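Okay, structure first, notes after.
Residue numbers begin at 1 in each chain, while the letters A, B, ... track the order of the sequences. The structure displayed is predicted, hence computed values, not measured ones.
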Amino acid sequence: MVTKVLCVAEKPSIAKAVANHLAGGQVTVRNVTGNQYLKNYCFHYNFPTWGPCDVNMTSVFGHLQSHDFADQYRYWKSCDPSQLFEARIETSVDESNKPVAKNIETQARYSSILYIWTDCDREGEHIGAEIRDVAVRSNPRLGERGKTVRARFSNIERAHIINAARSPVPLDEAQANAVSSRIELDLRTGASFTRNLTMSLQGMLPQQGDGQKSQVISYGSCQFPTLGFVVERYFRVRNFVPEQFWSIKVMHEKNGIKVNFRWARNHLFDRMVVVVLFERCLAAKKAKVDKVQTKPTSKWKPLPLTTVELQKCGSRFLRMDSHRVMQVAESLYTKGWISYPRTETDQFDRGMNLQALVQKQTQSRTWGQFAQGLMNGGFAQPRDGRNNDKAHPPIHPVNFVEQTALSAEEAKVYEFVARRFLACCSQDAKGSKTEIGISYGPETFNASGLTVLERNYLDVYPYDRWTSSQELPQFRAGEEFEPTEARIQDGKTSPPGYLTEPELIALMDANGIGTDATMAEHINKIKERKYVDTRPRGRRPRQDDNDDEASDYEAPAEHEAEPARGRGRGRGRGRGAAGRGSAAANGRNSGTSGVQEFIPTTLGVALIEGYDNMGFEISLAKPFLRKEMELKMKAICEGRKTRHEVTQETIEQYREVYMRTQQRMQVLKDSVRRYVTNQA
DNA sequence: GCAAGGTC
């Protein structure tokens, strides 16, 4: 008797790939009525665990089940919004998912093993549990121990998949429970606060002119902190008070080359101190060369491409907002040109055959030559970043396609993905850096020069700049000279800019707001809700100093440790600023850059201000609540808390905030009135 | 009319 195994993947692409790997070409593909993308792949496979089997491999399309309040709570005026904290929640299968669920039920009836092939992350574990739920409806025995298993895999390389097929593991119930908790909390808090805000405040907003329904004022654990970041930066810009500073400038001309030396103290905010130090320099008459050092340096090639990085680069280099970049990337993925575009992973699996992928790119008329160079010995294993979601590899081109076969936007994104991949597979850029240190009286000054020796990856990756500086004249250690020019220079600190999209994404990423797949949606949501406006960043003179950019929040992680400081970084930039690596790009593009900046509307400001002024210990406007939820989910995954405990204690927390919001709704109304009414 | 998370 041949064992029947039902395999279910999270998406059709995985089902297809896994079926092809396991079946070795002997696959029968059957369409399923009701959904043109849904297929059953039938083949034989000899699983070590169960022996020779008849396999049916199919998929879902992400979450299979939906959750909503029971009927008596579903309509806005049917209950007080606070009742939604305990209202019964029903689980169902959406109309669009009915054919998918039916297919699983039908197939499960004849199967003795349910083998889950969803992504190996928390959501994937929950989707696995949803699939099991549906399968058990028609075949209860699949609910028995050992009858439902899952595959552990992190990419769809043949060897990796075959290996995963050999060693099924149980579903991780803890992870699935953590997600159940998240789903429930997001629904209860989102719906209750949204209804309450909308019904309390909408009368105060200007009526929509075109006879539309008046707007929804929504709360969500992700959209509110996202708005909070925009507002926080807005106030830092608005409240910025420029501060004057002074520095000592030393220039020396030698062999016809003018060298500017940077003061080791950069600048000071006390003019008298600078004057005194300057006079001591002058009194010394001569400067002395302390150090002449030439050493090799390099500019590291970029890390393998993650979704967040793709979105940031899209804003910076391709002039597409994150939402658009993702749409385009998805279409490239569905057409089979690039790998799955939603990934947090910046490490390529050691087992992956990267050279085969490089080989495909040799066909390109523009970067094919470079790819050929990699095939001829230039190839180097990509760097490893710090992130691995164990579900997907970094974004990379899987097949070559002519630019002309794509839309203009697709071509731009494909080119970026291809060039980024080739850059990852090549060598770091190499250069030579000379540093000259002088002492002038009691003060020290430095100058540095860079010579780029081998461009390497830079040749295929025009998005990075690294150029030789003007050559430095020869100096000898111990040499003395009287500087051609020495004087005091003054300047003032300049305000930070409004938040740009790449900065916002970086903040969300660092604070765990949303996932790689949803960050762009949250940004879109706060635009849709009219909490923020965007506009292209205009020309804005940037001065050297932005010490005031420090933020109260987690600053974006510094993903790249660049050894080279070729472009001279000795500026006290706050960590929360545009981020390293972008400095050159922003500088280059300032004035004409396509980067969008975010400015809160009066409504957006009113909401955030309103909650901040209510004086809770934890404001809904700040990212800490969401972060706490993330920690609690982790606790469930690690068995330190139960789903029930987390749900209950979090509900109580929000209920408290809700009640106090009710009590102080007047504060919020005043805030809205102050801002929104003034606008008119 | 509501959230955030999957995915086509």
Tell me the interatomic distance from A:Leu197, atom CG, to B:dG1, atom C1', rounded to whole angstroms.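 It is 14 Å, rounded to the nearest whole Å.
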
For residues 28-37 of chain A, please give each side-chain donor-acceptor pair under 3.5 Å, one per line with the distance, not counting sequence neighbours.
unit_1	atom_1	unit_2	atom_2	d
A:Asn31	OD1	A:Lys39	NZ	3.1
A:Asn35	OD1	A:Tyr37	N	2.8
A:Asn35	OD1	A:Leu38	N	3.4

Tell me, please, which residues at least two apart from A:Thr647 pass side chain to side chain donor-acceptor pair (under 3.5 Å).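 Expected list: A:Ser181.
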
Pairwise side chain to side chain donor-acceptor pair (under 3.5 Å) hits with a residue in residues 75-87 of chain A, at least two apart: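 Found A:Asp80-A:Ser82, A:Glu86-A:Arg655.
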
Quick one: side-chain contact (heavy atoms from CB on, under 4.5 Å) partners of A:Ala411, sequence neighbours excluded?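 Once residues adjacent in sequence are excluded, the partners of A:Ala411 under the side-chain contact (heavy atoms from CB on, under 4.5 Å) criterion are A:Gln403, A:Leu406.
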
Among residues at least two apart in sequence or on other chains, which ones pass side-chain contact (heavy atoms from CB on, under 4.5 Å) with A:Glu95?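 For A:Glu95 the side-chain contact (heavy atoms from CB on, under 4.5 Å) partners, ignoring immediate neighbours, are A:Lys98.
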
Under 4.0 Å protein heavy-atom contact, by nucleotide of nucleotides 2-7 of chain B - B base, S sugar-phosphate only: BBBBBB

